[in-house]
Structures are given as structure tokens and as C-alpha cells.
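Data block below; observations after.
Here the structure is a predicted model, which means the values were calculated and not measured. No hydrogens, no waters, no symmetry mates; every other heavy atom, side chains included, goes into these values.
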Amino acid sequence: MPTFRDYGQERGPVPAAEFARVVDFLGEQRGSLDGFDIALEGRAADGLVEAYAEAGMTWWVEAMGWWRGGVADARATITAGPPAR
């Protein structure tokens, strides 16, 4: 699960192209990503899940920290179910 110090609460989500570069780098370092999952944490509401999946993400972790809103926002996210792919 790569993390990006230059993105997040302050600057918004990592661009899909930057995420793709990291996935490519990991594949180069390992020789292959066969048998490995690449997870990413974010907010499905940002609309980037599909682009991340196309870039190599295999697991999505919905960010639900206190900065994302209150209980009502968390409940709405959970009720919405997994992001579409």
C-alpha cells in the first residue's frame, strides 16, 4: 500500500498517473507483481477508483477518518457500498 507524502488532506488525492508510475516502479523492482495486491486508501467520492484500478490497484480502502465528516457521512459511505469498477 504505497503512500504519497505530497498528496492527501492538503493537496487532494494522488493523480492516477502518479499512482501508475509507482505501480510500474514496484513491478520493475520485483520483476513481477504476480501474486501481489496493490492497495490504495482514498475517498471513492473523489471519482478516481476506476482510474486507479486501470493503473494497477487491486484493493481499495475507503478513508473514513475524523476529517472526512461525522457519523452521518460515514453511514452514507458505508450504505453506498463498494465503489463501482
Side-chain angles (χ1 to χ4, degrees):
M1 182 173 182
T3 58
F4 300 84
R5 78 168 182 217
D6 294 333
Y7 298 96
Q9 289 177 335
E10 304 294 318
R11 292 191 54 207
V14 63
E18 178 69 13
F19 179 73
R21 282 192 285 278
V22 169
V23 172
D24 290 344
F25 173 79
L26 293 171
E28 290 169 7
Q29 296 301 303
R30 294 209 48 83
S32 170
L33 291 177
D34 290 344
F36 286 87
D37 285 306
I38 305 292
L40 187 62
E41 179 182 34
R43 225 172 69 119
D46 291 333
L48 296 169
V49 174
E50 187 172 333
Y52 293 146
E54 290 173 7
M57 178 194 71
T58 58
W59 280 90
W60 178 254
V61 178
E62 183 69 15
M64 297 189 58
W66 59 267
W67 62 90
R68 296 284 188 207
V71 173
D73 289 335
R75 187 171 286 126
T77 297
I78 293 165
T79 302
R85 263 193 79 190

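- Closest of all the heavy-atom pairs between Ala39 and Pro2 is O-CD, 3.3 Å.
- Minimum heavy-atom separation, Ala51 to Ala16: CB-CB, 3.6 Å.
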Inset, instruction - Verify side-chain contact (heavy atoms from CB on, under 4.5 Å) between Val14 and Tyr52, making sure each step is shown before the conclusion. - result: CA-CA 10 Å; Val14 63; Tyr52 293 146; 3.5 Å; yes

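- Distance check, rounded to the nearest 0.5 Å: CD1 of Ile78 to CD of Glu62 gives 9.5 Å.
- No path of Ile, Leu, Val, Met, Phe, Trp and Tyr side chains, each step under 4.5 Å between heavy atoms, connects Val22 with Trp59, placing them in separate hydrophobic clusters.
- Within a 6.0 Å radius of CZ in Phe25, other residues, nucleotides and ligands contribute 12 heavy atoms or fewer.
- The shortest distance between side-chain heavy atoms of Tyr7 and Pro15 falls below 4.5 Å.
- Within the 4.5 Å cutoff, the side chain of Thr3 has no heavy atoms near those of the Glu41 side chain.
- Taken to the nearest 0.5 Å, the CD1 atom of Ile38 stands 5.0 Å off from the CG atom of Leu26.
- Of all heavy-atom pairs spanning Glu18 and Phe4, the tightest one is CG-CE2, 4.1 Å.
- Shortest non-hydrogen contact noted between Val49 and Met57 is O-CE, 3.8 Å.
- Between Leu48 and Phe19, the closest side-chain pair of non-hydrogen atoms is not below 4.5 Å.
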